[in-house]
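Here the structure is laid out as structure tokens; the discussion comes afterwards.
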Amino acid sequence: MKIGFVGLGNMGAGMCANLVGAGHEVWAFDLNPEAIKTAQAAGAKGAGSLAELAGTVDVVVTMLPAGKHVLSVYFDPDGIAANAQPGTLFIDCSTISVDEARDAAQRAQNGGFLMVDAPVSGGTAAANAGTLTFMVGGPDDAFSASQPILQIMGANVIHAGGAGNGQVAKIANNMLLGISMIGTCEAFNLAERLGLDAQTFFDIASTASGQCWSMTKYCPAPGPVPTAPSNNDYQAGFAVAMMLKDLRLAQQAAGIADAATPLGAHAEAIYAQLDEDGYAGLDFSGIMRRLKGEI
Ligand code: NAD
């Protein structure tokens with residue numbers, strides 16, 4: 001199968017390489033020529049433009065920074081939709097707003113294309129290893145068509161429902177992650193201040209009712225989980241700026257849906273302050289350092 005891949009950044013480079021590794025003919029495009037060269041070195045063919053890529057392939061995968069880039073790449077006059085054959089499958093793996101994803105799906109359908117939103121859980125390590133989780137929104141036929149391609153790049157591919165529902169799952173999950181990370185940091189900091197060391201508290205809480213992913217897989221207190229960024233000076237990992245992006249998308253969607261999310265709003269404010277203070281690149285578990293008064 002001929003696959004086009006647009007957006008060869010931190011995430012896209014590894015995802016593109018995995019499609020090549022599975023034996024597909026992959027045409028790669030990015031605004032950054034260096035990124036195309038890296039994809040070529042991994043075995044992809046370099047496309048000179050979006051139009052050339054769109055006219056060549058059966059499937060397009062995009063992994064772009066934000067919604068405005070996604071809408072532009074697909075629907076500008078020199079973009080994908082204007083140059084692709086009807087019936088081409090569009091798979092957008094970027095994290096964008098629910099509204100933009102639904103708008104893109106409608107415009108794709110109007111043009112005779114199949115489209116899914118398929119945002120991911122997992123960072124660059126999972127992108128490189130092909131172990132991402134994909135949360136997929138779109139009609140059954142588009143989901144079925146996208147499944148074999150997503151399975152090459154991921155360990156889990158879950159159909160979340162109609163167009164935009166992949167993005168709904170993504171922002172609801174990451175809002176919970178942001179809230180639970182702050183709560184985990186507060187609990188470890190409180191325990192330590194009161195004389196309970198991190199390892200002992202971890203041994204108790206990780207088998208008690210406070211247990212959560214932020215604690216057992218990504219413990220923000222150094223020590224208990226050796227692979228966590230807390231043991232590497234809180235280098236990301238999953239950066240404050242990325243968490244803030246997702247919390248903002250969640251708040252925007254909550255406003256439109258009139259859904260009460262007081263803790264989601266508070267989490268957004270806490271990460272926004274850290275971002276504003278110059279810690280956009282710190283791992284999101286670095287809230288621990290703020291609570292300790294170190295930053
Ligand atoms: P990135 O900035 O590293 O890569 C984006 C790439 O898109 C860049 O190479 C850029 O040159 C290219 N690009 C931008 N506009 C373009 C255009 N008009 N045409 C062609 N190429 C264009 O970003 P990333 O970290 O790879 O993240 C991509 C998406 O994945 C984002 O939506 C992000 O929220 C999501 N995501 C990232 C992570 C992570 O850990 N990095 C985890 C989960 C989800």
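On a predicted model such as this, the values are computed, not experimentally measured, just so you know. Heavy-atom basis, side chains included; hydrogens, waters and symmetry copies ignored. Sequential numbering from 1 along the given sequence is applied to the chain's residues. Order of listing sets the numbers, starting from 1, for every ligand and every atom in it.
Distance alone, capped at 3.5 Å, places no donor-acceptor pair between the Thr261 side chain and the Gly264 backbone. Using a distance-only test at 3.5 Å, with no hydrogens or angles considered, no donor-acceptor pair links the side chain of Asn231 to the main chain of Pro222. Judged by distance alone, with hydrogens and angles left aside, the side-chain atoms of Asp233 form no donor-acceptor pair with the main-chain N or O of Gln235 at under 3.5 Å. Within the 3.5 Å criterion, the main-chain N or O of Met175 finds no donor-acceptor partner in the side chain of Asp246. Side chain of Asp258 to backbone of Ala254: no donor-acceptor contact under 3.5 angstrom is found. Side chain of Gln273 to backbone of Ile270: no donor-acceptor contact under 3.5 angstrom is found.
Between Arg248 and Glu268 there is a salt bridge, with a side-chain nitrogen of the basic residue lying less than 4.0 Å from a carboxylate oxygen of the acidic one. Using a 4.0 Å cut-off between charged nitrogen and carboxylate oxygen, Arg290 and Asp277 count as a salt-bridge pair.
Among protein heavy atoms, atom 36 (N) of ligand 1 sits closest to Met242 CE, 3.9 Å. Protein heavy atom closest to atom 42 (C) of ligand 1, with residue, atom name and distance, is Gly122 O, 3.5 Å. Of the protein's non-hydrogen atoms, the one nearest atom 40 (O) of ligand 1 is Gly123 CA, 3.7 Å. When only non-hydrogen protein atoms are considered, atom 11 (O) of ligand 1 lies nearest to Asp30 OD1, 2.6 Å. At the top of the distance list for atom 39 (C) of ligand 1, counting protein heavy atoms only, stands Met11 SD, 3.5 Å. Nearest protein neighbour of atom 4 (O) of ligand 1, counting heavy atoms only, is Gly9 CA, 3.2 Å. The protein heavy atom nearest to atom 18 (N) of ligand 1 is Val73 CG2, 3.5 Å. What sits closest to atom 3 (O) of ligand 1 on the protein, heavy atoms only, is Asn10 N, 2.9 Å.
Heavy atoms of Cys93 stay at 4.0 angstrom or farther from ligand 1. Ligand 1 is never approached by Ser72 to a heavy-atom distance shorter than 4.0 Å.
For ligand 1, the atoms closer than 4.0 angstrom to any heavy atom of Lys245 are 31 (C), 32 (O), 33 (C), 34 (O). Those atoms of ligand 1 with a heavy atom of His69 less than 4.0 angstrom away are 15 (N). Close contacts of ligand 1 with Ser94, meaning ligand atoms under 4.0 Å from a residue heavy atom, involve 32 (O). Near Thr95, the atoms of ligand 1 lying under 4.0 angstrom from a non-hydrogen atom of the residue are 32 (O), 34 (O), 35 (C), 44 (C). Heavy-atom contacts of Val6 reach the following atoms of ligand 1: 20 (C) (cutoff under 4.0 Å). For ligand 1, the atoms closer than 4.0 angstrom to any heavy atom of Val120 are 43 (C), 44 (C).
Ring-centre distance between Tyr218 and Trp213: below the 6.0 Å cut-off. Checked against a 6.0 Å centroid threshold, the rings of Phe5 and Phe29 do not count as neighbours.
Any N or O atom pair closer than 3.5 Å counts here, and Leu64 shares at least one such pair with ligand 1. Note: no N/O pair closer than 3.5 Å links Asp246 and ligand 1 by distance alone. Ligand 1 has no N or O atom lying under 3.5 Å from any N or O atom of Lys170, backbone or side chain.
Within a 6.0 Å sphere centred on NZ of Lys68, other residues, nucleotides and ligands contribute 12 heavy atoms or fewer. More than 12 non-hydrogen atoms from other residues, nucleotides or ligands lie less than 6.0 angstrom from CD of Gln151.
If you look at Leu50 next to ligand 1, there are no close heavy atoms at all, none under 4.0 Å. Residue contacts with ligand 1 for Ala35 are absent, since no atom lies close enough (heavy atoms, distance under 4.0 Å).
A side-chain contact (heavy atoms from CB on, under 4.5 Å) with Met63 is found for one member of Val120, Asn10, Val70 and no other, namely Val120.
Distance check on atom 30 (O) of ligand 1: some protein heavy atom falls below the 4.0 Å cut-off.
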